[in-house]
Amino acid sequence: QVQLVETGGGLVQAGGSLRLSCAASGSTISRYAMAWFRQTPGKEREFVAAITWRGGSTNYADSVKDRFTISKDNAKVFLQMNSLKPEDTAVYYCAQHTRLYSNPSSWDPMNFGFWGQGTQVTVSS
């Protein structure tokens with residue numbers, strides 16, 4: 001069974017940086033498109049960043065573009081977050097696309113069948 005575990009969250013002051021990691025067991029991340037989403041209480045899950053299964057292309061939400069960087073290897077997917085803002089505060093989840101050797105038609109959460117439990121990121125002003 002695929003299991004994803006996020007780490008690296010914490011409390012940081014605005015302008016600071018955090019690096020999130022998502023470790024996978026039961027699958028090889030290099031074979032899957034991966035993504036990061038975030039969610040705050042009472043709000044729907046929001047797309048943050050994604051990387052294609054080959055790792056040759058990335059995509060970012062406009063709100064994090066030029067500040068966040070997604071990368072991955074066989075076992076982990078990372079999210080480097082720089083110049084953090086209070087509005088980045090959320091629980092961050094990594095997700096794995098349902099199909100291997102494939103990229104989803106969109107970055108909708110419905111295209112990702114495996115999720116971690118999330119890691120809290122809090123950015124103070």
Side-chain angles (χ1 to χ4, degrees):
Q1 182 177 351
V2 176
Q3 185 177 67
L4 303 174
V5 179
E6 303 95 337
T7 58
L11 175 64
V12 65
Q13 191 172 10
S17 299
L18 285 174
R19 183 173 183 262
L20 305 184
S21 297
C22 176
S25 62
S27 69
T28 302
I29 285 180
S30 64
R31 300 178 180 179
Y32 292 87
M34 302 293 296
W36 287 93
F37 294 82
R38 64 188 182 187
Q39 188 169 27
T40 56
K43 297 182 179 180
E44 65 182 9
R45 199 165 298 167
E46 176 189 15
F47 169 76
V48 176
I51 186 166
T52 56
W53 77 266
R54 290 184 183 273
S57 182
T58 58
N59 186 255
Y60 300 92
D62 288 341
S63 59
V64 306
K65 192 170 297 182
D66 299 323
R67 298 189 298 118
F68 291 11
T69 302
I70 186 172
S71 61
K72 69 185 181 83
D73 57 27
N74 285 348
K76 293 183 178 181
V77 58
F78 307 94
L79 186 68
Q80 178 66 47
M81 306 185 294
N82 298 325
S83 301
L84 284 162
K85 304 175 180 180
E87 50 262 46
D88 294 319
T89 296
V91 176
Y92 283 70
Y93 300 89
C94 67
Q96 182 178 282
H97 182 41
T98 304
R99 300 179 179 178
L100 78 169
Y101 304 126
S102 180
N103 296 312
S105 57
S106 73
W107 303 119
D108 190 285
M110 293 294 293
N111 290 318
F112 295 83
F114 307 99
W115 297 81
Q117 294 300 305
T119 185
Q120 177 71 48
V121 172
T122 302
V123 184
S124 64
S125 59

Query raised in the report: Roughly how far, to the nearest 0.5 Å, is the OG atom of Ser21 from the NZ atom of Lys72?
Result: 14.5 Å

Query raised in the report: Any side-chain heavy-atom pair from Val48 and Leu79 closer than 4.5 angstrom?
Result: yes

Query raised in the report: Which ILVMFWY residues can you reach from Phe78 by hopping between side chains whose heavy atoms are under 4.5 Å apart?
Result: none

Query raised in the report: Between OG of Ser57 and CD1 of Ile51, what distance do you get to the nearest 0.5 Å?
Result: 8.5 Å

**Report entry** Minimum heavy-atom distance Arg38-Ser63, with the two atoms named
**Finding:** NH2-OG, 3.5 Å

Query - Nearest heavy-atom neighbours spanning Lys65 and Asp62 - result: NZ-OD1, 3.3 Å

Query raised in the report: Any link between Val123 and Tyr60 through a network of hydrophobic side chains (Ile, Leu, Val, Met, Phe, Trp, Tyr) touching at under 4.5 Å?
Result: yes

Query raised in the report: Are the ring centres of Trp36 and Tyr92 closer than 6.0 Å?
Result: no

Query raised in the report: So, Thr89 side chain and Pro86 main chain: donor-acceptor pair closer than 3.5 Å or not?
Result: yes

Report task. Kindly compute the distance separating CG (Asn82) from CZ (Phe68), expressed to the nearest 0.5 Å. Result -> 8.5 Å

Report task. Compare every heavy atom of Met110 with every heavy atom of Asp108, then report the nearest pair and how far apart it is. Result -> OD1-N, 2.8 Å

**Report entry** Donor-acceptor contact below 3.5 Å, side chain Asn111 vs main chain Ser106
**Finding:** yes

Report summary line: Thr119 and Gly8 have their tightest heavy-atom pair at OG1-N, 4.2 Å

Query raised in the report: Centres of the Phe114 and Tyr32 rings: under 6.0 Å?
Result: no

Report task. Check the pair Gln80, Ser17 against side-chain contact (heavy atoms from CB on, under 4.5 Å), reporting the backbone distance first and the verdict last. Result -> CA-CA 8 Å; Gln80 178 66 47; Ser17 299; 4.0 Å; yes

**Report entry** Flag side-chain contact, heavy atom, 4.5 Å: Leu18 against Leu84
**Finding:** yes

Report summary line: Rounded to the nearest 0.5 angstrom, the CD-CD distance for Gln3 and Gln96 is 12.0 Å

Query raised in the report: Do you know which two heavy atoms are closest between Gly118 and Val91, and how far apart they sit?
Result: CA-CG1, 3.8 Å

Report task. With side-chain contact (heavy atoms from CB on, under 4.5 Å) as the test, would you mind laying out the steps for Asp88 and Arg67 before giving the verdict? Result -> CA-CA 11 Å; Asp88 294 319; Arg67 298 189 298 118; 2.8 Å; yes

Query - Over 12 foreign heavy atoms within 6.0 Å of CD, Gln117 - result: no

**Report entry** Value rounded to 0.5 Å, distance of NZ in Lys85 from OG in Ser125
**Finding:** 14.0 Å

Query raised in the report: Distance under 6.0 Å and angle within 45° of the ring axis: does Arg45 meet both against Tyr93?
Result: yes

Query - Parallel, tilted or perpendicular, as decided by the 30° and 60° cut-offs, for the rings of Trp115 and Phe37 - result: tilted

Query - Non-hydrogen side-chain atoms of Glu46 and Pro109 separated by less than 4.5 Å - result: no

Query - Distance, nearest 0.5 Å, that separates CH2 of Trp107 from NE2 of His97 - result: 8.0 Å

Query raised in the report: Quick one: do Asp73 and Lys76 make a salt bridge, cutoff under 4.0 Å?
Result: no

Query raised in the report: Does any non-hydrogen side-chain atom of Val77 lie less than 4.5 Å from one of Ile70?
Result: yes

Requested in this report: Please lay out, stage by stage, how Leu20 and Met81 fare under the test side-chain contact (heavy atoms from CB on, under 4.5 Å).
Outcome: CA-CA 8 Å; Leu20 305 184; Met81 306 185 294; 3.7 Å; yes

Report summary line: What one should report as the nearest heavy-atom pair of Leu4 and Ala24 is CD2-CB, 3.5 Å

Report task. Would you mind reporting whether Ile29 and Met34 have side-chain heavy atoms less than 4.5 Å apart? Result -> yes

Query - Ser30 side-chain N/O to Asn74 backbone N/O, donor-acceptor pair under 3.5 Å - result: no

